[in-house]
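This report concerns only the one structure given below.
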Amino acid sequence: MLVLFTDYGWQDPYVGQLKLALLNRAPGVPIVDLFHAVPEFNPHAGAHLLANMVPSCPEGAVVLAVVDPGVGGPRQAVVLEADGRWYVGPDNGLLSLVATRASSRRVWRILWRPDSLTVTFHGRDLFAPVAAEIAAGRFPQDWLVPAELEVQFDDADLPRIIHIDHFGNAWTGIRGGLADTSQTFFIQGKPLPWRRTFSEAGKGEAFWYVNSVGLVEIAANRASAQQVLGLKVGDLVRPGESRESRLH
């Protein structure tokens, strides 16, 4: 299985070109569009989104992860094997949280270059062929050399909005398992209480909850939290004290 994770969006031809490059080398291998709305040019946000989305991928899946503002520059191209899944993409921090949180990992630098390599589309010309070879069961050993990731983001949670979906719900880089449900989060100076789900909030009420991939999300019941609170990607989310801590 090939799993695609990019900032390419859907309005341009890039996702289609990526799939054609994969199918040319690995016909018959299923392709899953996991996510194409990573904030543009933002591998830090992408690293947090990727680390929380890939646990649903089966062992052996090959994740082609491309958020690559440094394409054509000195950043390296890498293959990562972490907990039985494969990742192909740029060494710019995008893969670092997956690697850091894995119980086992191996890394290779991609030495191979195709005869035709555009300066600005390594996703199609470089990463896709390598990912397709792995997914087809032909590990390209001669194309790789053992290495380590050069760019690493801190494993700490990212207290910012890293994605806003079409409902206007704002995903953060805060892992829900580390949050206290008695806690209030502040954004734009406004306190947000915890609700377990949408139906527990009043109509139009803004709140926070733990979403389906395990991240703290800011939402509003039957409304757009983006519009209600004036949110945008990158906004800081500040945790407040829990009710229990205020009692001591």
*Taking all heavy atoms of A131 and all of L22, pick out the closest pair and write down the distance.*
CB-CD2, 4.3 Å
*Give the cluster check for V3 versus L80: same hydrophobic cluster or not, with ILVMFWY residues linked at side-chain heavy-atom distances below 4.5 Å.*
yes
*Hey, are the side chains of L95 and L50 touching, using non-hydrogen atoms and a 4.5 Å cut-off?*
yes
_Nonpolar side-chain network containing L178, other nodes, edges under 4.5 Å_ = none
_Could you work out, with side-chain hydrogen bond (donor to acceptor under 3.5 Å, both in side chains) as the rule, every residue matching H44, not counting sequence neighbours?_
none
*For the side chain of D154 and the backbone of A156, is there at least one donor-acceptor N/O pair under 3.5 Å apart?*
yes
*asked:* Are the side chains of I134 and P140 in contact, using a 4.5 Å heavy-atom criterion?
replied: yes
*For side chain to side chain contact (heavy atoms under 4.5 Å, CB included), just list the numbers for L117 and L126, CA-CA rounded to whole Å, side-chain angles, deciding distance to a tenth of an Å, and then say yes or no.*
CA-CA 7 Å; L117 176 65; L126 179 60; 4.0 Å; yes
*Go through the structure and list residues passing ring pair (Phe, Tyr, Trp, His ring centres under 6.0 Å) with H163, not counting sequence neighbours.*
F35, W171
_Quick one: does any side-chain atom of S96 pair with a main-chain N or O of G93 as donor and acceptor, under 3.5 Å?_
yes
*Test item: D68 side-chain N/O and P90 main-chain N/O as donor-acceptor pair under 3.5 Å*: no
*What do the steps show when you test R113 against H122 for side-chain hydrogen bond (donor to acceptor under 3.5 Å, both in side chains), and what is the final call?*
CA-CA 10 Å; R113 295 294 184 270; H122 286 190; over 6 Å; no
*What heavy-atom pair brings A170 and L231 nearest, and what distance separates the two atoms?*
CB-CD1, 3.8 Å
*Mind checking whether T172 and R160 have side chains closer than 4.5 Å, heavy atoms only?*
no
_Partners meeting ring pair (Phe, Tyr, Trp, His ring centres under 6.0 Å) with F41 (sequence neighbours left out)_ = none
*asked:* Looking at R109 and D91, is any side-chain nitrogen of the basic one under 4.0 Å from a carboxylate oxygen of the acidic one?
replied: no
*How far apart are the closest heavy atoms of A220 and N169, and which atoms are they?*
N-OD1, 4.3 Å
_When you measure from the centre of the six-membered ring of F186, is the NZ or CZ of R238 closer than 6.0 Å and no more than 45° off the axis?_
yes
*Are the side chain of N52 and the backbone of H48 linked by a donor-acceptor contact shorter than 3.5 Å?*
yes
*Indicate, with yes or no, if L94 and L34 share a hydrophobic cluster defined by side-chain heavy-atom contacts under 4.5 Å among Ile, Leu, Val, Met, Phe, Trp and Tyr.*
yes
*Sequence neighbours left out, what passes side-chain hydrogen bond (donor to acceptor under 3.5 Å, both in side chains) with S212? Give chain and number order.*
none
*F185 versus P193: any side-chain heavy-atom pair under 4.5 Å?*
no
*Hey, what do you get for CD (Q226) to CZ (F167), rounding to the nearest 0.5 Å?*
13.5 Å
_Side-chain cluster (under 4.5 Å, hydrophobic types only) that V145 belongs to, other residues_ = L111
*Which heavy-atom pair separates G46 from V38 by the least distance, and what is that distance?*
CA-CG1, 3.6 Å
_Closest approach of A47 to F153 (non-hydrogen atoms, all atoms of both residues)_ = CB-CD1, 4.1 Å
*Looking at side-chain heavy atoms only, is the closest gap between F121 and F127 below 4.5 Å?*
no
_Going by side-chain contact (heavy atoms from CB on, under 4.5 Å), name the residues that satisfy it together with S56, two or more places apart in sequence or in a different chain._
none
_When you compare the side chains of T118 and D125, does any donor N or O come within less than 3.5 Å of an acceptor on the partner?_
yes
*Looking at side-chain heavy atoms only, is the closest gap between V130 and V79 below 4.5 Å?*
yes
*Would you confirm whether W10, through its side chain, and A37, through its main-chain N or O, come within 3.5 Å as a donor-acceptor pair?*
no
*ILVMFWY network linking W108 to V151, side-chain heavy atoms under 4.5 angstrom*: no
*Between F207 and L192, does a side chain to side chain contact (heavy atoms under 4.5 Å, CB included) hold up when you go through it step by step?*
CA-CA 5 Å; F207 61 96; L192 301 176; 5.6 Å; no
*State the CD-CD1 distance between Q183 and I174, to the nearest 0.5 angstrom.*
8.0 Å
*Interatomic distance, T184 atom OG1 to W208 atom CH2 [nearest 0.5 angstrom]*: 9.0 Å
_Nonpolar side-chain network containing V71, other nodes, edges under 4.5 Å_ = none
*Run the side chain to side chain contact (heavy atoms under 4.5 Å, CB included) check on V98 and V54 step by step: do they pass?*
CA-CA 9 Å; V98 168; V54 293; 4.3 Å; yes
*If you group Ile, Leu, Val, Met, Phe, Trp and Tyr by side-chain heavy-atom gaps below 4.5 Å, do L149 and V88 land in one group?*
no
*Please answer whether the main-chain N or O of R196 pairs with a side-chain N or O of E200 as donor and acceptor at a distance below 3.5 Å.*
yes
*D7 and N42: side chain to side chain contact (heavy atoms under 4.5 Å, CB included), yes or no, with the steps?*
CA-CA 8 Å; D7 62 350; N42 194 335; over 6 Å; no
*Should V210 and L49 be counted in the same cluster of Ile, Leu, Val, Met, Phe, Trp and Tyr side chains packed under 4.5 Å apart?*
no
_Summary of salt bridge (Lys or Arg N to Asp or Glu O under 4.0 Å) pairs that have at least one residue in residues 8-30, sequence neighbours excluded_ = K19-D33, R25-E133
Output side-chain donor-acceptor pairs under 3.5 Å for residues 57-67, partner residues at least two apart or in another chain, one line each.
none

*In terms of heavy-atom contacts, does CZ of F139 have more than 12 from other residues, nucleotides or ligands at under 6.0 Å?*
yes
*asked:* Please report the interatomic distance CG(D157) to CG(L215), rounded to the nearest 0.5 Å.
replied: 8.0 Å
_Pairs touching residues 140-152 that satisfy salt bridge (Lys or Arg N to Asp or Glu O under 4.0 Å), sequence neighbours left out_ = R105-E148
*Do Y209 and F198 have ring centres separated by under 6.0 Å?*
yes
_Heavy-atom check, side chain of L18 versus side chain of Y8, under 4.5 Å_ = yes
*Might you point out which heavy atoms bring A201 and N221 nearest each other, and give the distance in Å?*
O-ND2, 2.9 Å
*asked:* For a 4.5 angstrom cut-off between non-hydrogen side-chain atoms, does D83 reach S104?
replied: yes
_For K232, all residues meeting salt bridge (Lys or Arg N to Asp or Glu O under 4.0 Å), sequence neighbours excluded_ = D235
